[in-house]
2 protein chains.
Amino acid sequence: MSAMKRKTSIKEVAKAAGVSIASVSRVINSETGKVSPAVRTRVEKAIADLNYRPNWIGQALRGQTNNTYAMVISSIQNNFFSSVAWEIESRLNDRGAAMLLFNSNEDAALQERCLKEVRSRQVAGVFMLCALDSPQLHAIAGQTPMIFINRKVPSLPDVPFIGIDDRSAAMELARAILQEHEGEIALVSGPQSSATSRARLDGFRAEFEARNRPVADESIKEAELSMESGYACAVALLEDRRRYSAIVCGNDQIAYGVYRRCRELGLSIPVETAIYGFDDNPLNQWLAPWLNTVRVPYREYAEAAIGVMDKLHKGDAVGPTILPYDLVLRR
Amino acid sequence: MSAMKRKTSIKEVAKAAGVSIASVSRVINSETGKVSPAVRTRVEKAIADLNYRPNWIGQALRGQTNNTYAMVISSIQNNFFSSVAWEIESRLNDRGAAMLLFNSNEDAALQERCLKEVRSRQVAGVFMLCALDSPQLHAIAGQTPMIFINRKVPSLPDVPFIGIDDRSAAMELARAILQEHEGEIALVSGPQSSATSRARLDGFRAEFEARNRPVADESIKEAELSMESGYACAVALLEDRRRYSAIVCGNDQIAYGVYRRCRELGLSIPVETAIYGFDDNPLNQWLAPWLNTVRVPYREYAEAAIGVMDKLHKGDAVGPTILPYDLVLRR
DNA sequence: AGGCATCAAGTAAACGTTTACATAAGTCAA
DNA sequence: TTGACTTATGTAAACGTTTACTTGATGCCT
């Protein structure tokens with residue numbers, strides 16, 4: 001085992017084929033017509049014999065574009081996020097690009113560290129899947145093409161955003177909820193530091209109030225974007241036998257946590273208490289048929305993200321991309 | 001917006017600080033003592049002023065190590081796999097390394113394409129989370145440190161493997177199942193092209209036969225490692241009112257698909273039919289409390305993977321790492 | 001035959017680093 | 001004062017590519 005063979009370089013291929021490295025390069029980049037058939041075949045044979053693959057680092061250093069993108073994701077545990085990441089990765093791969101994955105874990109310090117790495121690596125573009133506001137984010141903006149997906153950062157209004165209209169989705173869901181439920185309603189929102197969570201909570205409250213059924217303050221909890229935190233909020237919410245006809249959550253992860261607590265308390269879902277989420281993790285149709293939610297078009301997110309990135313590379317100005325959503329009511 | 005600023009290079013920092021690029025380099029790599037305090041402060045000021053970050057590509061080209069690893073994962077949809085990937089990513093990040101993520105989607109052609117990319121990029125190491133046998137895999141072995149996680153490739157016995165003893169886990173689970181269920185038992189195994197799936201099926205059958213309760217051929221299906229495929233197998237398995245006391249699946253994803261079909265048929269889980277899986281996706285405790293499974297220690301996988309990678313870099317020979325598992329019976 | 005395109009192949013510079021080596025300046029002992 | 005040693009800094013080569021430019025050969029036109 002021990003020492004690994006040094007990788008073969010273009011020089012060795014050139015020597016083996018008895019040509020200059022320039023010719024090898026020309027063959028690799030298949031500039032048809034710039035090289036004679038005889039040389040081409042000899043070089044191709046040498047490449048095959050030596051099992052040569054061009055060293056990407058050399059290529060990247062020479063040409064200023066390196067075909068590597070960074071994806072900073074706030075929680076790889078979240079099936080919705082990982083689905084978006086995967087869709088983007090697969091499209092990047094289709095064009096011979098690759099994706100560095102970083103998990104910020106919804107932690108500003110960790111995101112800061114990730115972004116420093118990203119900056120060193122001179123990537124061709126950065127996808128921020130739920131970004132937090134932080135200094136390195138500003139350093140990257142204007143230096144590297146960047147896209148915010150699913151959550152915008154208000155202090156960077158010029159960075160292209162891809163998402164849905166969270167406020168009006170929340171309002172539409174709220175209308176459906178009021179229609180369905182006569183009883184009391186609880187809200188477990190996401191962290192108010194996130195623009196997305198704010199917009200959702202805002203939409204819910206606006207609509208509930210407009211219809212004259214405001215939610216009492218003690219029936220509103222602020223969770224983090226995790227199952228654990230959703231669970232903890234549900235524990236608080238459902239203590240002393242208080243019961244709700246519907247519990248509306250800031251996203252699906254929170255809803256999963258709430259679900260667990262309801263199960264523990266023996267509440268029948270969705271008969272006694274209905275649970276509402278947000279995002280529609282693709283897993284729901286398999287594992288959470290009890291969950292009502294808002295379907296966010298993750299495949300279109302990926303499509304749009306790639307399209308916007310291309311435009312940024314061409315130097316075009318790009319505004320926000322607001323995609324349509326669907327209510328998923330599984331009552 | 002339009003044109004992005006060219007990134008600042010070491011040369012500009014050197015000019016701004018009025019020193020040579022060598023001095024700047026020395027400051028960056030903080031070789032304490034090799035540079036005078038005066039120069040150090042001037043350089044540090046220039047770095048801060050210009051918001052300079054060393055270009056990783058230059059560093060990588062010069063030193064032969066580039067601090068980037070590749071993770072090729074067979075299904076990012078699978079929460080167990082993505083948890084392992086995440087644990088590894090986080091550990092790599094701790095040491096200032098980064099991880100390229102590729103999704104092979106359990107498709108040999110796609111994996112081939114990913115591995116070609118990997119080879120070009122001259123990564124420091126490759127983590128294969130469920131590999132398929134393929135030519136590029138052999139090209140990488142012996143050229144770049146590589147580790148197989150959760151599934152070995154028999155034709156490459158010298159590549160370090162990290163996993164559990166699938167056969168004996170399956171046997172132990174089979175014993176528990178026989179003890180619990182008097183009625184008929186069905187098997188929905190994973191693809192027999194995978195060594196892991198083979199070992200599991202083998203373990204189940206061996207134990208069932210040893211206890212004189214062999215599974216009938218028509219009660220064994222071979223699924224792919226997806227929820228969809230598990231569903232399709234369950235459709236076939238449960239046609240014409242045939243019913244099972246337990247359905248044993250090759251992994252949790254398959255079990256989710258089986259679960260969906262059982263739900264559609266109105267079977268009460270786990271009373272009428274119990275479902276058994278394998279891996280214990282971390283999501284189970286939240287969303288699939290009905291699932292019995294084998295807990296594979298994903299955190300230890302990551303720990304071990306990093307440790308083995310370090311050893312490979314030192315040139316040490318490494319054998320397989322077999323970790324302990326737990327039965328998770330939620331009856 | 002001389003001049004001139006056309007074409008294939010080679011030469012060398014450049015990309016941003018690190019680092020072995022050279023140089024210059026300072027310290028100290030004799 | 002000189003020689004030897006130490007220390008701080010600068011110079012230049014190297015890493016593996018791509019590509020503008022140069023060279024040399026061939027063919028064609030007049």
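Note that the structure is a prediction, hence the values are computed from the model and not measured. Proteins get letters first, then strands, A, B, ... in listed order; numbering begins at 1 in each.
Defined by atom type and a distance below 3.5 Å, a donor-acceptor pair is missing between the side-chain atoms of A:Ser74 and A:Arg151.
Between A:Ser9 and D:dC15, a side-chain N or O to OP1/OP2 separation shorter than 4.0 Å is absent. A:Ser25 has a side-chain polar atom (N or O) that falls below the 4.0 Å cut-off from OP1 or OP2 of D:dT18. At the phosphate of C:dG16, neither OP1 nor OP2 sits under 4.0 Å from any side-chain N or O atom of B:Tyr52. One finds no side-chain N or O of B:Asn55 lying less than 4.0 angstrom from the OP1 or OP2 phosphate oxygen of C:dC15.
Nearer the 5' end of DNA chain D, as judged by each residue's closest nucleotide, is the contact made by B:Ala38, out of B:Ala38 and A:Val24. Both A:Ile10 and B:Pro37 lie near DNA chain D, and the one whose nearest nucleotide falls closer to the 5' end is B:Pro37. Comparing A:Gly58 and A:Arg42, the nucleotide of DNA chain C nearest to each residue sits closer to the 5' end for A:Arg42.
Ring planes of B:His313 and B:Tyr69: tilted class, angle from 30 to 60°.
Atom CH2 of B:Trp56 and atom P of C:dT18 are 13 Å apart (whole Å). In this structure, A:Gln122 places its CD atom 17 Å from C1' of D:dT17, rounding to the nearest Å. Counting to the nearest Å, the P atom of D:dC15 and the CD1 atom of B:Ile57 are 19 Å from each other. Rounded to an integer number of Å, the gap from CZ of A:Arg53 to P of D:dG16 is 17 Å. To the nearest angstrom, C1' of C:dC15 lies 4 Å from CG of A:Leu61. Nucleotide D:dT18 holds its P atom 14 Å from the NZ atom of A:Lys11, rounded to whole Å. Taking atom CD1 of residue B:Ile21 and atom P of nucleotide D:dA12, one finds them 11 Å apart after rounding to whole Å. Atom pair B:Leu50:CG and C:dG16:P shows a separation of 14 Å (rounding to whole Å applied).
Here C:dA9 is the nucleotide among D:dG10, C:dA9, C:dT18 with the atom lying nearest to any side-chain atom of A:Ser23. The nucleotide whose nearest atom lies closest to any side-chain atom of B:Val35 is, among D:dG10, D:dT9, D:dA20, D:dT9. Distance from the side chain of B:Ser36 is smallest for D:dA8 among the nucleotides C:dT18, C:dT19, D:dA8. For A:Arg62, the side-chain atoms get nearest to C:dA14 when compared with the rest of C:dG16, C:dT18, C:dA14.
For the pair B:Leu225 and B:Ser75, the minimum side-chain heavy-atom distance is 4.5 Å or more. Under the 4.5 Å side-chain criterion, counting only non-hydrogen atoms from C-beta, A:Leu100 is in contact with B:Thr68.
Within a 6.0 Å sphere centred on CD of A:Gln77, heavy atoms belonging to other residues, nucleotides or ligands number more than 12.
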